[in-house]
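Treat the numbers as computed from the prediction; the structure is a model and nothing was measured. Every heavy atom of this structure was used, including side-chain atoms; hydrogens, water molecules and symmetry mates were not.
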Amino acid sequence: MDIFTVALLLSTLRLATPVALIALGETFSERAGIINVGVEGTATLGALVVALISFYTRSPWLALFAALVAGGLAGALHALWCIRWRANHVVSGIGINILVGGLAMFITGAVWGWRGTSPSAPTLNPWIIVIAGFVIICVAQVYLFRTRWGLRLRVVGEKPEAADTAGVNVHLTQYFYTILNGVLCGLAGAFFFNNLGRFTFGMVGGRGFIGIAAMVIGNYSPLGGLGAALLFGFVDALQMRLQAHIPNQFSIMLPYLLTVVVLAAFIRRANVPAALGRHYVKQ
Amino acid sequence: MRQRLRGWLGTALVRETGLTLLAVALAFAVGTLIIWAAGFSISAVFTNLWRGAFGNRISLGQTLTQATPIIFTSLSFLIAFRCGLFNIGAEGQLYVGAMAAAVVGTVLRVPAWLGVPLCLAAGGLAGAFWGWIPGLLKARRGVNEFVTTMMLSYVAIELTNFLVAPRGPLHDRTAWSNQTVRIATTAMLPRIMRPTQVSMALVIAGIAAIVVWYFLFRTPSGYELRSVGQSPAAAEYGGIRTPRKIVLALTLAGFLAGLGGAGEVLGTHYRFIAGFSPGYGWDGIAGGLIARAHPVAAVFAGLLMGALRAGGMQVQRARAAPGDIATVLQGLVIFFIIAPMLIRRLLIWKRRRN
């Protein structure tokens, strides 16, 4: 078949990047014990903010920075709700998804008069984000398993009482990594914008949830998440080339169906942080 | 008298309702700030929001029409939530339910007393099947149900899209839009508030709420389901087979959402139309949470969500602001609802100041 080409390989790398970044972000926050299913909405927010700032300032670099800040703020909101107000983690994440969904439609409607889309705006070469993403993931792998800060992070998610006794500030750690998760999702969102050249509602299209799935399949390690993301990137790239051959609804369906199948087939629960989703109350 | 009043005020029902209303009020306050910051007229937005939801008979009909599927999806969300699970795929379950009802509704040639229940059953069962898969995966393999329900929701939407697309097998060749042919008259649910689209589906939604309440709070199986939600370990220790309850909860959640989809086809559109739901599945999450997972309260939460949708349409029509302000308000309500500690803190702060 002529569809297996270098171009397919390159688009695999491209399409895997946002999923891998979200998987990495989720790895950080879940290792600290905070589940965040709001990654989908956080990435959407990143894509929206990058479009807004790039449109008005014509500076894609400034826009990228703004997307990271916006993602971090969404992470901070989630952290505040989960840690300070002891909200259920999953529900707070769903709240972010719904709120951002509404805001994205509201803001595009208010600013450009088109509900759910932005006009095109200056972009960066998406390969910058792809390469940066791969570097970040490799550094994160070393950081998580070979440094003392990585160890502290893992202990917070595993046994917060022990971390506390050892002098680690549990809540501060959780805030930090949940915000970091938001920043990484913002970067993923910036990728979506720079890849397409404008914002459209639904451009993230479940890639946030697929990122969570990639983290689970990758067994809570940055490189593992990258491996799973590459698989999804490949299917995504393949799916786009299949559209000429099968009804496009089936090709669109493929990554989602694959996620369910792969999750069911390869799920390992060895590394699930023991204190995941718990509210740690200092004695 | 005062004692009695104080006792009444202290009841869980009043306290919960009070906290909920306060959360809704706070959400509207923040929403007002957003409207103001975006440069729209606050009074124009809220006048139109109210007018669109309750202004006259037509608007009220629109509110009730929008509320009907949302009550179903709210029940769908909360029944899984009571078992400690997150069904965020009600949207997809709604679509497969609607499709099944439309198919049965077009091919069956039986009297209405039989046709309508058969179509409803078909819709419910299709949705139940869509909920059963994630349930089984959760119970057997421990797969996160919020990822699988969401993924299967996308699959359901694309699958039904395919069936009614121009090259699909169920496409109505006489129509420009992607839809099935009209269902048989005998499969239609009667309209109960002409000239609006409010149908018997609303009544069925109310009955479903009562049945779900009875199931959850008055049957052993419902008690066990809630026990699993409260503490899976304790439930297991008490002899409850947790995996079975997980499958049951998600299957029932799918059934309820599927029933909602069937109601849309049999009562509102009389056919399956691609993309007919503007996000009723998501509204159900907000509805279930606002109802604090109580089935009877879900009826009121569904009405609130329906009113927001109907109001949002009017806001859009009157060009007061983008109608999506309704979704923004919905998201804000969720944040204030799930943080009772925040509300309590605000109350204490107020009391201290007094």
Heavy atoms, side chains only, cut-off 4.5 Å: are [X] and [Y] in contact?
X: A/Leu99; Y: B/Ile334; value: no
X: B/Leu159; Y: A/Met253; value: yes
X: A/Glu40; Y: B/Met150; value: no
X: B/Met151; Y: A/Leu257; value: no
X: A/Phe106; Y: B/Ile34; value: yes
X: A/Ile96; Y: B/Phe335; value: yes

Which atoms of [X] approach chain B - backbone, side chain, both or neither, heavy atom under 4.5 Å:
X: A/Val216; value: side chain
X: A/Ile210; value: both
X: A/Ser92; value: both
X: A/Val37; value: side chain

* Structure fact -> Ranked by heavy-atom pairs below 4.5 Å to chain B, first place among A/Val91, A/Asn88, A/Leu77 goes to A/Val91
Part of [X] within contact of chain A (heavy atom distance under 4.5 Å):
X: B/Ile285; value: side chain
X: B/Ile325; value: both
X: B/Leu289; value: side chain

* B/Arg317 atom CZ, over 12 foreign heavy atoms within 6.0 Å -> yes
* **Atom CZ of B/Phe129 with >12 non-hydrogen neighbours under 6.0 angstrom** => no
Rounded at 0.5 Å granularity, tell me how far [atom1] in [X] sits from [atom2] in [Y].
X: A/Phe250; Y: B/Glu158; atom1: CZ; atom2: CD; result: 10.0 Å
X: B/Asp324; Y: A/Leu103; atom1: CG; atom2: CG; result: 10.0 Å
X: B/Ile338; Y: A/His89; atom1: CD1; atom2: NE2; result: 10.0 Å
X: A/Ile252; Y: B/Asn161; atom1: CD1; atom2: CG; result: 8.0 Å
X: B/Ile88; Y: A/Phe209; atom1: CD1; atom2: CZ; result: 4.0 Å
X: A/Leu263; Y: B/Thr148; atom1: CG; atom2: OG1; result: 7.5 Å

* Which one of B/Val147, B/Leu329, B/Asn144 has the most heavy-atom pairs closer than 4.5 Å to chain A? -> B/Val147
* Contact leader toward chain A among B/Gly39, B/Gly279, B/Gly142, where contacts are heavy-atom pairs under 4.5 Å -> B/Gly142
* **B/Arg141 side chain to A/Ala265 backbone, donor-acceptor under 3.5 Å** => yes
* To do: Determine the minimum heavy-atom distance between B/Pro322 and A/Gly109, stating which atoms define it.
  => CG-C, 3.8 Å
* Among B/Thr149, B/Leu137, B/Val143, B/Val155, side chain to side chain contact (heavy atoms under 4.5 Å, CB included) partner for A/Val260 -> B/Leu137
* In terms of the angle between their ring planes, are A/Tyr256 and B/Tyr154 parallel, tilted or perpendicular, with boundaries placed at 30° and 60°? -> parallel
* Apply side-chain contact (heavy atoms from CB on, under 4.5 Å) to B/Phe162 and A/Asn248, showing your working. => CA-CA 8 Å; B/Phe162 162 74; A/Asn248 71 329; over 6 Å; no
